[in-house]
Number of protein chains: 2
Amino acid sequence: MGQRSDSDHVMAEATTDKRQGHTRGRTGNDRRTQIIKVATELFREKGYYATSLDDIADRIGFTKPAIYYYFKSKEDVLFAIVNSIVDEALERFHAIAAGPGSPGERIHALLVEHTRTILRNLDANTVFYNERGLLSPEREREMRKREREYTEIMQRLYAEGVATGELLDVDPTVATATLLGAAIWTYRWYDPEGRLSADEVVEQITRLLLNGYRRPA
Amino acid sequence: MGQRSDSDHVMAEATTDKRQGHTRGRTGNDRRTQIIKVATELFREKGYYATSLDDIADRIGFTKPAIYYYFKSKEDVLFAIVNSIVDEALERFHAIAAGPGSPGERIHALLVEHTRTILRNLDANTVFYNERGLLSPEREREMRKREREYTEIMQRLYAEGVATGELLDVDPTVATATLLGAAIWTYRWYDPEGRLSADEVVEQITRLLLNGYRRPA
DNA sequence: CCTACCGATCGGTAGG
DNA sequence: CCTACCGATCGGTAGG
């Protein structure tokens, strides 16, 4: 809490070579990244509304108006976080769906990669799933549209697998929402400091979803 | 939006027989119930912070201080909603776990009933899952404790099923979080006005979780 | 990136 | 259950 993380440190180093006279050697992009990082932590801990811009500025060590040098509004900070998550997910789904394997194998790959990504970046994904509803109506519509885009990729894949007889015959909308929901829900309970590694959890969840909880006789 | 629902209407009727001179024939308990109902709708629509006590009072047709006649604070209104949800879940889990059937059969029953309950009362369950983190630290701890209580019931059941060989051998914590998560996630995507009935959705989800998405050969 | 400040919102209370 | 009101918080801006 409050201490610099590794990724932050690495980024600070990366720009050290080409110092441009900015305070403490940070470039503008670096500062922007730092604001996003700290905001992500705080939005996750306390939620968007309960986090003030003063809270964010305090944790970084400057004052609130500095944030307005990099962002037009508080909502823009949230949007930056949420947008990058949906961007990455969209790209990932496109890549895997277009890749090799049967529909069932590609769905398995989607579930593995989606869960891995969430567990590897719990802060931002928690903010994404908890706070994306607080964006302006226009931006929320935009987000929903892109989310629908990648869930539809999975639905088409599922429908294909049902048609070939590879996958259990349930409604593709229900199937994908349920499977993705099971994967996404990890953000609510997984504890990185806990007993189980992220890789173990990913393996067990995806095996459970593939085979069902009833052990085959 | 803004119109009286059936349940509201029914409650108003129920107290008509024994009018006590209250405005529009409502008893105190009735008013309290009405405040909870309207707050539940608004907290779901706009979230807890974005909903003011004036919003709630406006939709009912009186003024903010009236709410303080029935509740000590805004948080108490949220607590009333969240508390009743966790109460019912706890009772349901206890009853089913103590009931008949193999561990696998009782887990199936738990998933069916939990999903049904969520779909039948989407407003309050959405508030529960979205806003329970906004309670005071003491109350949040109390909620988490009771939630843990009923997830542990399911974990013990799962462990028992693994021991007898009935259930797939994955960690009971992972299994129950994943299965429950898949069921709970319905609150985020199920549309009561949509193509599928709640009963169909419950049947398909629980069948999918039991058998897995790969069709048995 | 800072100091100083404004305007609006809102939970909660006094006093009836 | 109402009118009137207070105190605190907070996003955002002026002006440098």
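Reminder, nothing fancy here: chain letters follow the sequence lines and each chain counts from 1. In what follows, every heavy atom counts, from backbone to side chain, and hydrogens, waters and symmetry copies are set aside.
Looking at B/Arg116 and B/Asp199, a side-chain N of the basic residue comes within less than 4.0 Å of a carboxylate O on the acidic one, giving a salt bridge. Salt-bridge annotation for A/Glu160 and A/Arg156: absent, with no side-chain N of the basic residue lying under 4.0 Å from a carboxylate O of the acidic one.
Counting non-hydrogen atoms under 4.0 angstrom, B/Phe62 reaches the backbone sugars and phosphates but no base.
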What does the B/S/- profile of nucleotides 5-16 of chain D look like, 5' to 3', with a 4.0 Å heavy-atom cutoff to protein?
------BBB---
Canonical and wobble pairing (Watson-Crick, G-U, under 3.5 Å) of DNA chain D, dot-bracket with |
||||||||||||||||
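With sequence neighbours left out, the salt bridge (charged side-chain N to carboxylate O under 4.0 Å, His left out) criterion links B/Glu75 to B/Arg139. Residues forming a side chain to side chain contact (heavy atoms under 4.5 Å, CB included) with B/Pro192 (at least two apart in sequence, or on another chain): B/Leu122, B/Tyr190. Among residues two or more places apart in sequence or in another chain, the salt bridge (charged side-chain N to carboxylate O under 4.0 Å, His left out) test is passed with A/Lys145 by none. With sequence neighbours left out, B/Ala177 forms a side chain to side chain contact (heavy atoms under 4.5 Å, CB included) with A/Trp189.
Computed from coordinates, the A/Asp58 CG to C/dC2 C1' distance equals 14 Å when rounded to whole Å.
OP1 or OP2 of C/dC1 has not a single side-chain nitrogen or oxygen of A/Thr63 nearer than 4.0 Å.
A cation-pi arrangement is absent between A/Lys72 and A/Phe79, since the terminal nitrogen or guanidinium carbon is not both under 6.0 Å from the aromatic centre and inside a 45° cone about the axis.
Using the six-membered ring where Trp is involved, A/Trp185 and B/Tyr129 have ring planes that are perpendicular, over 60° apart on the 30 and 60° scheme.
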